[in-house]
Amino acid sequence: MTKHIPIPVYYLFSVTAAVLIWQLLSVTVFPSIFFPPPTQVAETAVRLIENGTLPSHIQISLQRILLGFFIGSLIGFPVGLVLGANLLVRRLVEPFVHFFRFVPPIAWVSPAIIWLGIGEASKVALIIYTTTFMVLLNTLTGVVSIDRNKLLAARSLGASSLQCFFFVVFPATIPFIFTGMRLAMGNSFMTVVSAEMIAAQEGLGYMIIHARLFMALDQIFVGIICLGLLGWGTDTVLRFLIRRFGSRYQPVA
Amino acid sequence: MPSSFLHNSNDTVLDLRGVNKVFDVPGRPPYVAIEDFNLHLAEGEFVCLLGPSGCGKTTVMNMLAGFIEPSSGSILLDGEAVCRPGPDRGVIFQSHDALFPWLTAQENVEFGLKMRGIPAKVRSETAQRFLALVGLANEGRKFIRELSGGMQQRVQIARVLANEPRILLMDEPFAALDAQTRRVLQDQLVDIWQRTQTTICFITHDIGEAVFLADRVATMRAGPASGIKEVVEIDMPRPRERISDQASVYHRRIEDVISAEVQAALA
């Protein structure tokens, strides 16, 4: 019976219910200027859209994320392949991988700003950093976990080492790369907000931290809702692209 | 019957002479897996290598395939030493994890040809021919995960046959299949073997399978230091019955040969 109802209907139902509860709580149980009801948040959102600040903050944040994400993926993927395929290089680089993966990008905010300035470069560099590691680690895992039999079969079918790399290792790793990219997208959002909160004049992170100065919780909520929707949106696009162009690689998505 | 004719010829395809394989284990005495292993396969012959589990059948297969090198002794294919993997030996693995899931059945079969730079059109025609040979003419566009276990093993067979190997090396290729599918594939394999006249070295631990398939059954001793214990010639006309007086005589005889080895393996 439930299978005839399209999924968005469920989403709409639960979200509407949540917003109604929020509205109810904020006007009856906890009426406070520090807990704005959704109606007020919506009004603020409309105002911020009309005066153009919200669209420009969104645009700036998204631009930073996408640029860093693409550059990071482009670095992480070939480096991960090489690390996975070459034991010597892996042994040499492994200590750095294990060390830096536990250093969150936000720890690098200050050096990034001192070295690269307060402009775009420092934020994009931090997103590149986090994306590179996510994609690299997943690619590496993919290369290392290839069935041995696939490589043996390829060799015995006449493939050279180089052909094994391009025709077996690479395609077998693609699902892992996709997973790494989706995880990296999530991390990119966290990174950009952290960086914008500490040092920026624009972006959603800046908007949220700036609103704190005026205790403008409605504006903070607008920022938070935008982050959630943008993240969900980019992940949906990413998943669609993976399904559309990568279905033969059995993506985990 | 092409097999019985070819069987008597002295044209040796594969020749193993005094093959030893010792594995060095750090901190422990070296493990002698194979000692003085001797076997030869004549052109077009179907030989089953039979032995208790852990006796080193797969070690022998890995040496034949060129995945590992013998510690001493010689493995000759058409008189030339085997030292690396190559398309002249078609290796069929027990599990479908040797297939490439990102390729269709046909693309899997084309893989070896593509590696050798054969033009796409020739590749496609050759692949279709061999897919038809294994009864998968209409499944070429399907991906590996869309095929049943039996079909997947047939894709493996077509994939190596497309390379026109001198010998097929099959390592318990039907062991993971259900009994019904296994019987069907055994029948098809005999059919393919008779049509292509390929030499086959087939590893199994199933006496019934060996008696049904092989011209000769080479039994192995229990490991360590395993080698050939006895080679039993199966002189039964083809097409064969699985259950017949003759088959049970062979079955019992091989059972007698290897039961002592099985006991030793379990001890």
Side-chain angles (χ1 to χ4, degrees), chain A residues 77-78 80-81 84-85 87 91 135 138-182 238-253, chain B residues 58 61-68 82 84-105 107-118 127 141-146 152 155-165 167-171 173 176:
Chain A
F77 152 63
L81 276 181
L87 193 63
R91 292 275 176 271
V135 176
N138 275 277
T139 309
L140 178 66
T141 309
V143 177
V144 174
S145 59
I146 293 176
D147 301 308
R148 211 176 108 77
N149 279 348
K150 287 195 196 350
L151 293 170
L152 291 179
R155 291 309 297 269
S156 104
L157 287 164
S160 67
S161 305
L162 204 63
Q163 285 176 321
C164 273
F165 186 78
F166 282 109
F167 293 105
V168 182
V169 173
F170 173 46
T173 309
I174 286 179
F176 290 84
I177 298 169
F178 287 156
T179 307
M181 286 172 73
R182 287 188 60 200
L238 209 53
R239 257 171 34 217
F240 169 78
L241 291 175
I242 291 170
R243 260 206 309 275
R244 175 74 183 74
F245 298 105
S247 64
R248 66 161 55 205
Y249 301 104
Q250 285 176 292
V252 205
Chain B
T58 299
M61 185 61 94
N62 284 338
M63 288 192 284
L64 295 178
F67 299 149
I68 56 175
V82 164
R84 63 175 68 85
D88 51 1
R89 282 146 292 145
V91 183
I92 288 149
F93 297 83
Q94 180 181 333
S95 158
H96 65 85
D97 68 10
L99 290 165
F100 306 127
W102 56 87
L103 301 179
T104 62
E107 288 165 339
N108 266 277
V109 178
E110 286 183 26
F111 187 86
L113 304 167
K114 190 175 173 186
M115 295 304 110
R116 279 188 284 145
I118 310 277
R141 283 155 176 255
K142 287 190 180 159
F143 284 98
I144 299 306
R145 61 178 172 276
E146 298 170 314
Q152 289 169 346
V155 172
Q156 278 210 62
I157 294 172
R159 183 171 72 167
V160 298
L161 284 176
N163 273 335
E164 301 188 21
I167 186 167
L168 288 189
L169 305 173
M170 310 181 78
D171 188 1

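To find a chain, count down the sequence lines: A is the first, B the second, and so on, and within it residues start at 1.
The minimum heavy-atom distance between B/Phe93 and A/Leu152, with the atom names listed, is CZ-CB, 3.9 Å. Considering every non-hydrogen atom in both B/Asp97 and A/Lys150, the closest pair reads O-NZ, 2.7 Å. The shortest non-hydrogen separation linking B/Trp102 to A/Phe167 is CZ2-O, 3.4 Å. Across all their heavy atoms, A/Gly158 and B/Pro87 have their closest contact at CA-CD, 3.9 Å.
Of the two parts of B/Glu107, only the side chain, counted from C-beta on, holds a non-hydrogen atom closer than 4.5 Å to a non-hydrogen atom of chain A. The parts of B/Leu103 that come within reach of chain A are both its backbone and its side chain, each placing non-hydrogen atoms under 4.5 angstrom from that chain. Only the side chain of B/Asn163 comes within contact range of chain A, with at least one heavy atom under 4.5 Å from a heavy atom of that chain. Only the side chain of B/Arg145 comes within contact range of chain A, judged by heavy atoms closer than 4.5 Å.
For the salt bridge (Lys or Arg N to Asp or Glu O under 4.0 Å) test, no residue two or more places apart in sequence or in another chain qualifies with A/Arg244. By the salt bridge (Lys or Arg N to Asp or Glu O under 4.0 Å) test, B/Lys114 pairs with no residue at all, sequence neighbours left out.
To the nearest 0.5 angstrom, B/Met115 atom CE is 8.0 Å from A/Ser160 atom OG. Once rounded to the nearest 0.5 Å, the distance linking CZ of B/Phe67 with CG of A/Leu151 reads 10.0 Å. To the nearest 0.5 Å, atom CG of residue A/Leu157 and atom CZ of residue B/Phe100 are 6.0 Å apart. Between atom CG of residue B/Asn62 and atom OG of residue A/Ser156 there is a gap of 11.0 Å, rounded to the nearest 0.5 Å.
At most 12 heavy atoms of other shown residues, nucleotides or ligands fall within 6.0 angstrom of atom CD in B/Glu164.
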